[in-house]
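First up is the structure itself, then whatever we jot down about it.
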Amino acid sequence: QVQLAESGGGLVQAGGSLRLSCAASGSIANINTMGWYRQAPGKQRELVVDITSGGLTNYADSVKGRFTISRDNAENTVYLQMNSLKPEDTAVYSCNARVGRILISTYWGPGTQVTVSS
């Protein structure tokens, strides 16, 4: 009932920057947390960062100081500014939304490819 659409992925040289966007639509009244995850080939999907509706953030140690998440609650959109990209950042980046207070449902976008070349 919640649809997520990512954009902004692409190919970038190491040290470069990308900005990802995720727009939520559908039954969006009770979205409480949104965030970004990534999955590299052969690896488990991992949290990059998430943000609550109140603006609290939780970053993976690997991206602290390089990535910044922001959220536009009015538009149900989150952004991920990625700076100083490294080849190890290469992955499919997926937007995530958690809906509800008691019963929490998790929704995923289809993902957008980020490739960082050396």
Side-chain angles (χ1 to χ4, degrees):
Q1 295 188 14
V2 174
Q3 293 80 46
L4 303 172
E6 305 101 335
S7 62
L11 174 65
V12 66
Q13 198 79 14
S17 299
L18 286 173
R19 186 174 189 247
L20 307 182
S21 300
C22 173
S25 61
S27 184
I28 59 176
N30 295 312
I31 294 177
N32 46 52
T33 303
M34 298 184 71
W36 294 94
Y37 289 69
R38 66 186 182 186
Q39 187 170 27
K43 301 190 71 175
Q44 204 79 18
R45 181 158 56 188
E46 64 177 355
L47 172 71
V48 178
V49 60
D50 59 20
I51 184 169
T52 70
S53 59
L56 299 178
T57 58
N58 179 33
Y59 290 88
D61 289 341
S62 60
V63 305
K64 287 180 179 177
R66 299 189 298 121
F67 293 7
T68 303
I69 192 171
S70 59
R71 179 171 182 172
D72 185 335
N73 288 329
E75 298 182 4
N76 291 292
T77 303
V78 292
Y79 305 91
L80 183 64
Q81 179 66 47
M82 305 185 293
N83 298 325
S84 302
L85 283 162
K86 305 174 181 179
E88 51 263 45
D89 294 319
T90 295
V92 174
Y93 284 70
S94 299
C95 184
N96 165 274
R98 301 167 199 163
V99 181
R101 291 202 299 170
I102 299 173
L103 177 63
I104 299 176
S105 298
T106 302
Y107 296 89
W108 298 93
T112 184
Q113 177 70 45
V114 172
T115 302
V116 184
S117 65
S118 60

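What you see is a predicted model, and the numbers here were worked out from it, not measured in a lab. Keep in mind that the numbers below use all heavy atoms, side chains included, and drop hydrogens, waters and symmetry copies. In this chain, residues are counted from 1 in sequence order.
Of all the heavy atoms in V49 and I69, the pair that sits closest is CG2-CG2, 3.6 Å. For the residue pair Y107 and S105, the shortest heavy atom distance occurs at CE1-CB, 3.7 Å. Heavy-atom minimum distance, V2 versus S27: CG2-O, 3.0 Å.
Using a 4.5 Å cut-off on side-chain heavy atoms (C-beta onward), V12 and M82 make no contact. Side-chain contact between R66 and D89 is present, with heavy atoms from C-beta onward closer than 4.5 Å.
Atom-to-atom distance recorded for Q1:CD and N30:CG is 10.5 Å, nearest 0.5 angstrom. Atom CG in D72 sits 10.5 Å away from atom CE in M34 (nearest 0.5 Å). In this structure, CD on E88 lies 10.5 Å from OG on S118, to the nearest 0.5 angstrom. Atom CG of L4 is separated from atom CD1 of I31 by 6.5 Å, given to the nearest 0.5 angstrom.
Take Q44 and apply the side-chain contact (heavy atoms from CB on, under 4.5 Å) test, not counting sequence neighbours, and it matches no residue. Evaluation of the side-chain hydrogen bond (donor to acceptor under 3.5 Å, both in side chains) rule for T115 yields Q113 as partners, not counting sequence neighbours. Applying the ring-ring contact (aromatic ring centres under 6.0 Å, His included) rule to F67 yields no partners; only residues at least two apart in sequence or on another chain are considered. Partners of R45 according to the salt bridge (Lys or Arg N to Asp or Glu O under 4.0 Å) rule, which considers only residues two or more places apart in sequence or in another chain, do not exist here. Every residue was checked against the salt bridge (Lys or Arg N to Asp or Glu O under 4.0 Å) condition with R71, not counting sequence neighbours, and none meets it. Residues satisfying the side-chain hydrogen bond (donor to acceptor under 3.5 Å, both in side chains) criterion with S62, sequence neighbours excluded, are R38. Annotation: salt bridge (Lys or Arg N to Asp or Glu O under 4.0 Å) contacts of K43 (sequence neighbours excluded): none.
The stretch residues 40-59 participates, sequence neighbours left out, in no ring-ring contact (aromatic ring centres under 6.0 Å, His included) pair at all. Within the structure, the ring-ring contact (aromatic ring centres under 6.0 Å, His included) test picks out the following pairs touching residues 5-57 (sequence neighbours left out): Y37-W108. Residue pairs meeting the salt bridge (charged side-chain N to carboxylate O under 4.0 Å, His left out) criterion with at least one partner in residues 92-102, sequence neighbours excluded, are D50-R98.
Side chain of T90 to main chain of V116: a donor-acceptor pair is present (N/O by atom type, distance under 3.5 Å, no hydrogens or angles).
Other members of the cluster containing L56 do not exist, because no ILVMFWY side chain is joined to it at under 4.5 Å.
Cluster annotation: V78 and I28 are assigned to the same hydrophobic cluster (Ile/Leu/Val/Met/Phe/Trp/Tyr, side-chain heavy-atom contacts under 4.5 Å, transitive).
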What donor-acceptor contacts under 3.5 angstrom involve side-chain atoms of residues 13-26, with partners at least two apart or in another chain?
residue, atom, partner, partner atom, Å
Q13, OE1, S117, OG, 3.0
S17, OG, N83, OD1, 2.8

